[in-house]
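As structure tokens, the structure follows; a few thoughts come after it.
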Amino acid sequence: MTTTGRFTLPSEENFARKTEELAELWGADAIRNSDGTHLDQALMHLGRKVYSAYFPARAHNEWISQHMNETPQVYLMSERILAHGGRVDVPLMDHYFDQQLRPNRDADPHRYWEIIDRTTGRVLDLEEWSLDPDRDLVHVTGATPMHEYTASFLAYIIWDPVEMYNHLTNDWGDKEHEIPFDIYHPATRKFVMDAYRQWLGQNPATDVVRFTTFFYQFTLIFDQHHREKLVDWFGYACTVSPEALDDFETRYGYRLRPEDFINKGSYNSSFCIPSKAQRDWIDFLSGVVRKNVKTMVDMTHQAGKEAMMFLGDQWIGTEPYMPGFENLGLDAVVGSVGDGTTLRMISDIPGVRYTEGRFLPYFFPDTFYEGNDPSVEGLSNWRKARRAILRSPISRMGYGGYLSLAAKFPRFIQTVTHIADEFRDLHDRTNGKAAQGQLNVAVLNAWGAMRSWMAYTVAHALPNKQTYSYYGVLEALSGMRVNVRFISFDDVLAQGVDQDLDVIITGGPADTAFSGGTVWKNPALVETLRTWVDGGGALVGLGQPAALDMEGRFFQLADVLGIDQERFHTLSVDKYFPTITARHFITEDLPEGGGVDFGEQIANTYPLNEEVTLLKADQGQVQLAVNQYGKGRGIYLSGLPYSAANARLLERILFYASRHEDRYADWSCTNPHCEVAHFPEAGNYCVINNTDLVQKTSVRQADGQVRDFVLEPGAMVWQQA
């Protein structure tokens, strides 16, 4: 077994001797610095690759402090203020952090701002309001009593949000705040490129430039108590400037409103059905970003170094799943691994030579404190990621943060030693190839491939209460023996359904990008999917799939799924539930008593007729149902938070829906807490235990041979196939 390589170790000042010791123990072949730290010179001569974090859009206060009108900007919405008479004052900065944000009083507010009557949606005429710049108040004179008013205003971002988070989390005290800058401005863009060229000449020992990241931060805005107020890992809110807005108008032929960014307070989260204006801005902004990324990558290569992008922080506009990413010439992408879904978000990126995962926990004092055992999180994170690595391998792994903290926890040190060795062993045995998938599954939504493995996500690896029942489906798929792709409604309308697909999964909350909303007004979409299922395809509807109140149906594919949702208009029409089918292929592996968590119920779902096969219906709500549709099958699933039992249930759904039940037993574990990954080219397979308990399971090979296993907690056992 290889005991060195494929591992990147973080280090810091005055920690060279311990760093060298841990590099030997963990088999690190690369060393990196973290935010706010530098590597000791002694570490530069250990014969290991040197990664240097580079921040193109911050860490040069000497420049930006003289050009404060060239920081990035964001459109913000004030609090909703109730008018009691014809005049009302709207404060701009209430509930925003004034050390992070400052209203832009330089560009003409009457050109770039909007004051909106949120009771009617009316945009006030310019003569109906004025700005008091000394108090950051908008005076509204044309108010209607008992109506709410907001100001949509531009604000400078004057403290880099990620550096601010690190600053506050690590208690950096009076360390100077790092001010971000916006490369859209020619003078700042020239400074950025000149500074980078100079840095390359001053850092000959650096082998890999780890861009952390490039130019525009995802939406991350804090409130007056230093807490997150707005966080959208995909958000373009922090990419605005008057100059860019004017250039956009020239290029696209129409002017964007502040509301095109704020969108009634949603800030165009990925759950919102994307508008033309939103898509055009992404196209415009990503063009700017990619052009400048290419310039910096070329400079990196000319200096004889590799260029690595961190999938996080200022990643907005790089869009690794949009066509053309491969033309940037990046050598690698590295990202934070929170679970199997985020692992796949990194490992599936096309157009780079290799990918790297930064595993958790981060070496920060919020985890590494006296009395805590970080190894628990470390092992949990590894088990979640490992099942996804088997299906789509990353090339390298590592950790981030401050090594001096981690070094105080001997049990954690031992845990990482085990994880690193197991990661390398996995690569040795598979030659870095993915395990064999047995079905082709597509996830269908408005975003398609552009948001591969990013659906149902609000913050990176942090689904919230309203999304966990959907996000769990992605987490289950991330380590499942199926090949997964992401397609859009536009793809289906333009090209139909790919002939190699076995199953399509679609759905989410109603009136979102994932359910589709008004896209279902186009009959061609319904016709295409009905034709495909009728001819033998398989459709799994999730939550409120194809939801649009039209022509007496809410689920526009209700006939395919066999299920619709009562919207209180047809309460006078009786609905009869067939008897629940107790034994079925899909539910064979359910725990005793049938205890599966379907998440929060979708209220008032019902079967269209008594020919629908109900597998789970609780208190009059359908959780799981099967419907024969011509030669194909439709499956309705209300939701599925991630668990071993739920992942097994989804796997059975996919094999049954695609009419491949006969192939299910081969390369499957009898115990849902265990999974098997088959590597035909390498002539082997592995069985993994995804728990911290001893598990027993049996595995049937394709030749019918059955092998029994007793797996230690978290074990990964290899066998020749």
Side-chain angles (χ1 to χ4, degrees), residues 218-219 228 230-235 266 269-272 335-346 360-361 376-377 380-381 383-385 387-388 441 443-447 451-480 484 486 505-516 540-545 547 565 590-591 594-605 616 618-619 621-624 635-654 672-673 690-691:
F218 63 84
T219 304
E228 288 181 354
L230 301 172
V231 56
D232 178 5
W233 205 71
F234 314 100
S266 72
S269 86
S270 59
F271 277 78
C272 297
S336 179
V337 176
D339 52 18
T341 303
T342 47
L343 187 285
R344 292 295 296 267
M345 196 186 297
I346 301 160
L360 297 179
V376 175
E377 182 181 350
S380 175
N381 181 254
R383 287 194 298 266
K384 288 185 287 187
R387 60 187 296 271
V441 178
V443 178
L444 170 65
N445 57 49
W447 293 106
R451 290 285 173 260
S452 295
W453 298 104
M454 301 173 182
Y456 315 122
T457 300
V458 177
H460 188 68
L462 293 173
N464 62 12
K465 176 178 180 289
Q466 290 80 10
T467 67
Y468 78 105
S469 299
Y470 300 112
Y471 186 88
V473 171
L474 293 187
E475 185 64 14
L477 288 172
S478 72
M480 197 178 291
V484 183
F486 292 78
I505 301 173
T506 190
D511 197 32
T512 66
F514 306 114
S515 182
V540 176
L542 182 64
Q544 294 176 299
Q565 185 176 10
L590 288 185
V596 167
D597 179 10
F598 290 93
E600 295 180 349
Q601 294 181 348
I602 305 297
N604 304 323
T605 46
K616 180 67 174 176
D618 185 23
Q619 298 179 349
Q621 330 293 336
V622 178
Q623 279 82 44
L624 181 59
I635 309 284
Y636 175 76
L637 180 63
S638 62
L640 210 67
Y642 178 72
S643 69
N646 283 2
R648 176 59 58 92
L649 182 70
L650 180 61
E651 186 179 65
R652 283 188 166 274
I653 286 172
L654 299 178
H673 292 291
N690 292 324
T691 76

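Note that the numbering runs from 1 along the sequence shown for the chain. Reckoned from all heavy atoms, side chains included, excluding hydrogens, waters and symmetry mates.
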Q: May I have the step-by-step check of side-chain contact (heavy atoms from CB on, under 4.5 Å) for M480 and V441, ending in yes or no?
A: CA-CA 11 Å; M480 197 178 291; V441 178; over 6 Å; no

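- Proximity of a side-chain donor or acceptor of E600 to a complementary backbone N or O of S469 within less than 3.5 Å is not detected.
- Expressed to the nearest 0.5 Å, how far CG of L649 lies from NZ of K616 amounts to 11.0 Å.
- Every residue meeting the ring pair (Phe, Tyr, Trp, His ring centres under 6.0 Å) condition with F486, not counting sequence neighbours, appears here in chain and number order: W453.
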(Q) For N604 and Q621: C-alpha separation, side-chain torsions, deciding distance, then whether side-chain contact (heavy atoms from CB on, under 4.5 Å) applies. (A) CA-CA 5 Å; N604 304 323; Q621 330 293 336; 4.1 Å; yes

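- Residue pairs meeting the salt bridge (Lys or Arg N to Asp or Glu O under 4.0 Å) criterion with at least one partner in residues 639-651, sequence neighbours excluded, are R481-E651, D589-R648, R648-E651.
- Residues A644 and P672 share a closest heavy-atom pair of CB-O, 3.6 Å.
- The side-chain heavy atoms of Q601 and S638, taken from C-beta on, include no pair separated by under 4.5 Å.
- Between K384 and E475, none of the side-chain N atoms (NZ, or NE/NH1/NH2) sits under 4.0 Å from a carboxylate O, so this pair counts as no salt bridge.
- With sequence neighbours excluded, the residues satisfying side-chain hydrogen bond (donor to acceptor under 3.5 Å, both in side chains) with Q544 are Q565.
- By the 4.5 Å heavy-atom criterion applied to side chains, S336 and T342 are not counted as neighbours.
- Inter-residue side-chain proximity for L654 and L477 is flagged as met; some heavy-atom pair is nearer than 4.5 Å.
- Closest non-hydrogen pair, S478 versus R387, comes out as OG-NH1, 3.6 Å.
- Under the 4.5 Å side-chain criterion, counting only non-hydrogen atoms from C-beta, N646 is in contact with P641.
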Q. Going through the distances and angles, do V596 and L624 end up as a side-chain contact (heavy atoms from CB on, under 4.5 Å)?
A. CA-CA 11 Å; V596 167; L624 181 59; over 6 Å; no

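- Rounding to the nearest 0.5 angstrom, the gap separating the CG atom in L542 from the CG atom in L640 is 8.0 Å.
- Atom CE of M454 sits about 10.0 Å away from atom OG of S270, to the nearest 0.5 Å.
- T341 has its side chain out of reach of Y456: every pair of non-hydrogen atoms, C-beta onward, lies at least 4.5 Å apart.
- Across V231 and A459, no two heavy atoms sit closer than the pair CG2-CB, 4.2 Å.
- With sequence neighbours excluded, no residue forms a side-chain hydrogen bond (donor to acceptor under 3.5 Å, both in side chains) with D511.
- Here the closest heavy-atom approach between residue G599 and residue Y468 is recorded as CA-OH, 3.6 Å.
- With sequence neighbours excluded, no residue satisfies side-chain hydrogen bond (donor to acceptor under 3.5 Å, both in side chains) with S643.
- To the nearest 0.5 Å, atom CG of residue L637 and atom CD1 of residue I505 are 8.5 Å apart.
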Q) How far apart are the C-alpha atoms of V540 and V473, what are their side-chain angles, what is the distance that settles it, and do they pass the side-chain contact (heavy atoms from CB on, under 4.5 Å) test? A) CA-CA 11 Å; V540 176; V473 171; over 6 Å; no

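- In the model, D339 has a side-chain atom that pairs as donor or acceptor with a side-chain atom of Y471 under 3.5 Å.
- Applying the side-chain hydrogen bond (donor to acceptor under 3.5 Å, both in side chains) criterion to W447, with sequence neighbours excluded, gives no partner residue.
- Nearest approach of A455 to L474, heavy atoms of both residues: O-CD1, 3.3 Å.
- Atom OG1 in T219 sits 5.0 Å away from atom CG in D232 (nearest 0.5 Å).
- Summarising the geometry of P545 relative to S515, their closest heavy-atom pair is C-OG, 3.9 Å, with the distance given to 0.1 Å.
- The aromatic rings of F271 and F514 stand perpendicular to each other, their planes meeting at an angle above 60°, with 30° marking the opposite boundary.
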